[in-house]
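Reviewing the structure listed below.
Please read these numbers as outputs of a predicted model, since none were measured by experiment.
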Amino acid sequence: MKNQKMGEQKVVIIKPVLWRQAGFTLFLVVVAAFFSMVSYLGVFLSWLGTIVFFLLGLLNLLDQIFEWSRLKINQDGYSYRGWWRKQHYKHEEIECFSSEIYANRPLILVNLRKKALKLRGLDDKPIAFPCSFGRPVEDVLKTLQDNLDKTPRALV
């Protein structure tokens with residue numbers, strides 16, 4: 001986690017844990033090497049597996065270098081960006097953050113205000129906010145709660 005102060009504005013960025021993401025990249029490269037040496041699947045499937053897993057490993061390495069996956073907290077709100085989804089919530093839309101056990105692991109949930117739910121056309125249920133990036137959920141949840149700006153503002 002990284003805190004930055006830009007003038008008077010505080011910016012918090014939560015990035016993936018480097019050793020876990022590097023381990024995942026290494027795993028993908030090893031699987032790509034495995035497919036390059038497997039001959040009983042056939043030449044086409046071996047090459048296809050090699051190329052697919054090599055490209056995934058390369059994308060994961062580029063994600064580490066350019067920090068595509070991250071959670072950014074600033075004066076505008078919470079901006080989560082991962083490989084498969086992007087979520088953005090303004091401070092005034094959020095009621096609170098909570099945690100729930102899902103598949104035997106804690107999951108961070110964002111509880112939106114009634115008006116924000118209505119504007120987004122969502123049900124009255126918490127929304128999964130999978131942004132721990134390999135960090136302890138309790139630490140990330142505390143960071144999210146500590147940086148929630150509860151200043152009353154109108155939802156537009």
Min side-chain heavy-atom separation Pro106-Ile101 under 4.5 Å: yes

Exactly one of Arg120, His88, Lys115 should register a side chain to side chain donor-acceptor pair (under 3.5 Å) with Glu93. Which one does? Arg120

Taking the six-membered ring for Trp, are Phe129 and Phe97 parallel (under 30°), tilted (30 to 60°) or perpendicular (over 60°)? tilted

Please report the shortest heavy-atom distance between Pro130 and Tyr80, naming the atom on each side. O-OH, 3.1 Å

Heavy atoms only: give me the nearest Trp83-Ser69 pair and the separation to one decimal. CD1-OG, 3.3 Å

Are side-chain heavy atoms of Val110 and Ile94 found at a separation under 4.5 Å? yes

A side-chain contact here means heavy atoms from C-beta on lying under 4.5 Å apart; do Lys90 and Tyr78 qualify? no

Go through the steps for Leu141 and Gln145 under the test side chain to side chain contact (heavy atoms under 4.5 Å, CB included), then give the verdict. CA-CA 6 Å; Leu141 185 59; Gln145 291 169 338; 3.9 Å; yes

Here the gap from Leu28 atom CG to Leu61 atom CG, rounded to the nearest 0.5 Å, amounts to 10.5 Å

Can you see which heavy atom on Val140 is nearest to which on Ser132, and at what distance? CG2-CA, 3.9 Å

With Cys131, which of Ile14, Leu71, Val137 fulfils side chain to side chain contact (heavy atoms under 4.5 Å, CB included)? Leu71

Stepwise side chain to side chain donor-acceptor pair (under 3.5 Å) test for Asn147 and Lys10: CA-CA 9 Å; Asn147 287 289; Lys10 181 179 171 186; 3.3 Å; yes

I would like to know whether Phe53 and Val30 meet side chain to side chain contact (heavy atoms under 4.5 Å, CB included); could you show each step before the answer? CA-CA 9 Å; Phe53 283 102; Val30 167; over 6 Å; no

Go through the steps for Ser99 and Ile108 under the test side chain to side chain contact (heavy atoms under 4.5 Å, CB included), then give the verdict. CA-CA 5 Å; Ser99 170; Ile108 296 174; 5.5 Å; no

Do Val52 and Phe44 belong together in a cluster built from hydrophobic side chains that touch within less than 4.5 Å? yes

Check whether more than 12 heavy atoms from other residues, nucleotides or ligands sit under 6.0 Å from atom CZ of Phe54, and answer yes or no. no

Do any N or O atoms from the side chain of Arg113 and from the backbone of Glu92 form a donor-acceptor pair under 3.5 angstrom? yes

If we only count heavy atoms from C-beta on, is the Asp146 to Lys142 side-chain gap below 4.5 Å? yes

Just by modelled atom types, is the Ile13 backbone N or O under 3.5 Å from a matching donor or acceptor in the Arg70 side chain? no

Show your reasoning for whether side chain to side chain contact (heavy atoms under 4.5 Å, CB included) applies to Gln75 and Asp149. CA-CA 8 Å; Gln75 75 278 359; Asp149 184 4; over 6 Å; no

Single-linkage hydrophobic cluster Leu26~Trp19, side-chain heavy atoms < 4.5 angstrom: no

Taking only Lys NZ, Arg NE, NH1 and NH2, and the carboxylate oxygens of Asp or Glu, determine whether Asp124 and Lys114 approach each other closer than 4.0 Å. yes

Testing the basics here: between Leu107 and Ala128, what is the closest heavy-atom pair and its distance to 0.1 Å? CD2-CB, 3.9 Å

Residues Ala116 and Leu112: closest non-hydrogen pair is CB-CB, 4.3 Å

Measure the spacing between CZ of Arg135 and CZ of Arg20 and express it to the nearest 0.5 Å. 10.5 Å

Mark yes or no for whether Asp123, through its side chain, and Lys125, through its backbone, hold a donor-acceptor pair below 3.5 Å. no

Does the side chain of Asn60 pick up a donor-acceptor pair with the side chain of Gln21 at under 3.5 Å? yes

With side chains defined as the heavy atoms from C-beta onward, is the minimum distance between Leu62 and Leu58 less than 4.5 Å? yes

Minimum heavy-atom separation for Gln64 and Thr25, please, with both atom names. NE2-OG1, 2.7 Å

Find out if a path of hydrophobic residues (ILVMFWY) with successive side-chain heavy-atom gaps under 4.5 Å connects Val29 to Leu56. no

Consider only side-chain heavy atoms of I, L, V, M, F, W and Y, link residues closer than 4.5 Å, and tell whether Leu55 and Phe27 are in one cluster. no

Side chain His91, main chain Leu148, donor-acceptor under 3.5 Å: no

